[in-house]
*Asks:* 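I'd like to ask you about the structure that follows.
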Protein chains: 2
Amino acid sequence: MITIGELAKRANCTVPTIRYYESMGLMPEPQRRESGHRAYDRGDLSRLILIRRCRDFDMPLEKIKDLLEMEGNGKPCQETVAFFETQRSAIKARITALNELDFTLSLYVNRCQSSCMQTDNGCDIYEQMATDISHADKAVASAL
Amino acid sequence: MITIGELAKRANCTVPTIRYYESMGLMPEPQRRESGHRAYDRGDLSRLILIRRCRDFDMPLEKIKDLLEMEGNGKPCQETVAFFETQRSAIKARITALNELDFTLSLYVNRCQSSCMQTDNGCDIYEQMATDISHADKAVASAL
DNA sequence: TGTGCATCCTAAAGTAACTTTAGGTGCAAG
DNA sequence: CTTGCACCTAAAGTTACTTTAGGATGCACA
């Protein structure tokens, strides 16, 4: 049996986060020591790691709850796989959008470095940003 | 002069978002018609688009506010460029993390599709997720 | 045995960036 | 003239946490 602090360390999250998951019904109410301190076992750790992993995929807590409740009942695969495929699409779209943003940022930075930061002319980065509604925006808008 | 609905459409955001920005001091209090309806001009549109663009870069509203306040005072470049460089690093890290997540998801999906979804054996996706603490996790943990 | 100091407890409030709701006004078209 | 859409304000709700307040516990060290 391990403490909540240990559990947090091993699952790479904070102590209040674990208590929060408990209050939301994602983590079970654990056993307690005489002192009242929570005592967790290996199963709790697995469950918490699973939750964190799903959160890495931006799965909302409600969905994770559903998934965890499905866990016992035979064939969660169809639904889980479908959800994961959806997540993969979202991830790809997000990557595309981020690449576009990175490109746009590089333009701004380069322009500043080669122009206004050298010459003491005024900087027009704000005008650029406000007017530069490129194809990137549509990608971003639809992906996020 | 355009309505708030028009402005929202052109800046690709919602009407309440604009009112929210106003309440946060990012958008100025606009002129009003006799009816009390807000009336915006071209400058307001530029400003809003600039704000949205910064939000695309995940710049927090407070930072955007600072930037907008710097706008008049000569040389915002140094600070802005530094911020953008930081954002670019964050974006790159995020892309790396997302690629790892996508890869991990593809493993799960492939495994289900070639195994339990074919054979009616039980699905071990949850066990996989709970135990598979690969190198990806560290990347994710540090990038987000 | 005391005495710090980290860790634990609960309950409640705060955070970011919006969205949603409730209850009402203005305006153009049929 | 009434139907329906866009607008108004103020307040509460959302998600996934984090932070704070005010105590209790556990453990190493003198």
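Sequence lines set the chain letters: A, B, ... in the order given, protein chains first and strands last, and positions in each chain run from 1. The figures here come from the full heavy-atom set of this structure, side chains too, leaving out hydrogens, waters and symmetry mates.
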*Asks:* Of all heavy-atom pairs between A:Glu22 and A:Arg32, which one has the smallest distance, and what is that distance?
*Replies:*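 For A:Glu22 versus A:Arg32, the nearest heavy atoms are OE2-NH2, 4.1 Å.
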*Asks:* Just to confirm, is there a sub-4.0 Å distance from OP1 or OP2 of D:dT25 to any side-chain nitrogen or oxygen of A:Arg33?
*Replies:*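 No, A:Arg33 has no side-chain N/O under 4.0 Å of OP1/OP2 on D:dT25.
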*Asks:* I want to confirm an ordering. Mapping A:Leu61 and B:Val15 to their closest nucleotides on DNA chain D, which one lands closer to the 5' end?
*Replies:*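 That would be B:Val15.
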*Asks:* In whole angstrom, what separates A:Glu6's CD from D:dG26's P?
*Replies:* 17 Å
*Asks:* Of the non-hydrogen atoms in B:Met59 and B:Arg55, which two are nearest, and what is the gap between them?
*Replies:* O-NH1, 2.9 Å
*Asks:* From NZ of B:Lys9 over to P of D:dC7, roughly how many Å is that when rounded to an integer?
*Replies:*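 After rounding, the gap between these two atoms is 8 Å.
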*Asks:* For A:Arg55 and D:dC17, is the shortest distance between a side-chain N/O and OP1 or OP2 below 4.0 Å?
*Replies:*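 True: A:Arg55 side-chain N/O within range (under 4.0 Å) of D:dC17 OP1/OP2.
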*Asks:* Could you tell me how far apart B:Glu22 (CD) and D:dC7 (C1') are, to the nearest whole angstrom?
*Replies:*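 The distance from CD of B:Glu22 to C1' of D:dC7 comes to 13 Å, rounded to the nearest Å.
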*Asks:* Could you pull out the closest heavy-atom pair between A:Ile18 and A:Cys13, with the gap in Å?
*Replies:* CG1-SG, 3.7 Å
*Asks:* Could you state the CE-C1' distance from A:Met27 to D:dC17, rounded to the nearest angstrom?
*Replies:*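 Rounded to the whole Å, the gap is 16 Å.
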*Asks:* Hey, which sits more toward the 5' end of DNA chain C by its nearest nucleotide, B:Tyr20 or A:Ile4?
*Replies:*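 Closest to the 5' end, via its nearest nucleotide, is A:Ile4.
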*Asks:* Distance-only, no hydrogens or angles: does the B:Asp44 side chain make a donor-acceptor pair with backbone N or O of B:Asp41 under 3.5 Å?
*Replies:*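 Looks like yes, one N/O pair under 3.5 Å.
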*Asks:* Could you give the OH-to-P distance, from B:Tyr40 to D:dC7, as a whole number of Å?
*Replies:* 10 Å
*Asks:* Counting distance only, does the side-chain N/O of A:Arg10 pair as donor-acceptor with the main-chain N or O of A:Ile49 below 3.5 Å?
*Replies:*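 The answer is no, because no donor-acceptor pair under 3.5 Å joins these two groups.
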*Asks:* Taking only the side-chain nitrogens and oxygens of A:Arg32, find out if one of them lies under 4.0 Å from OP1 or OP2 of D:dT25.
*Replies:*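 For D:dT25, OP1/OP2 do not have a side-chain N/O of A:Arg32 under 4.0 Å.
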*Asks:* Nearest heavy atom decides the nucleotide; on that basis, is B:Pro60 or B:His37 closer to the 5' end of DNA chain C?
*Replies:* B:Pro60
*Asks:* So, does A:Thr14 get its side chain near the phosphate of D:dC17, meaning an N or O under 4.0 Å from OP1 or OP2?
*Replies:* no
*Asks:* Can you tell me how far P of D:dT14 sits from CD of A:Glu62, to the nearest Å?
*Replies:* 11 Å
*Asks:* Quick one: how far along DNA chain C does chain B reach, first to last nucleotide 5' to 3', anything under 4.0 Å to a heavy atom?
*Replies:*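 Footprint of chain B along DNA chain C, 5' to 3': C:dA17 to C:dC27.
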*Asks:* Rounded to the Å, how far apart are A:Arg52 CZ and D:dA16 C1'?
*Replies:* 9 Å
*Asks:* What's the CD1-P distance between B:Ile18 and D:dA6, to the nearest Å?
*Replies:*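 After rounding, the reported distance stands at 14 Å.
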*Asks:* For a quick check under 3.5 Å, do B:Tyr40 and B:Arg47 share a side-chain donor-acceptor pair by atom type?
*Replies:* no
*Asks:* What's the closest nucleotide to the B:Arg19 side chain, out of D:dC7, D:dG26, D:dC17?
*Replies:* D:dC7
*Asks:* More than 12 heavy atoms of other residues, nucleotides or ligands under 6.0 Å from NZ of B:Lys92: yes or no?
*Replies:*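 Correct, the count exceeds 12.
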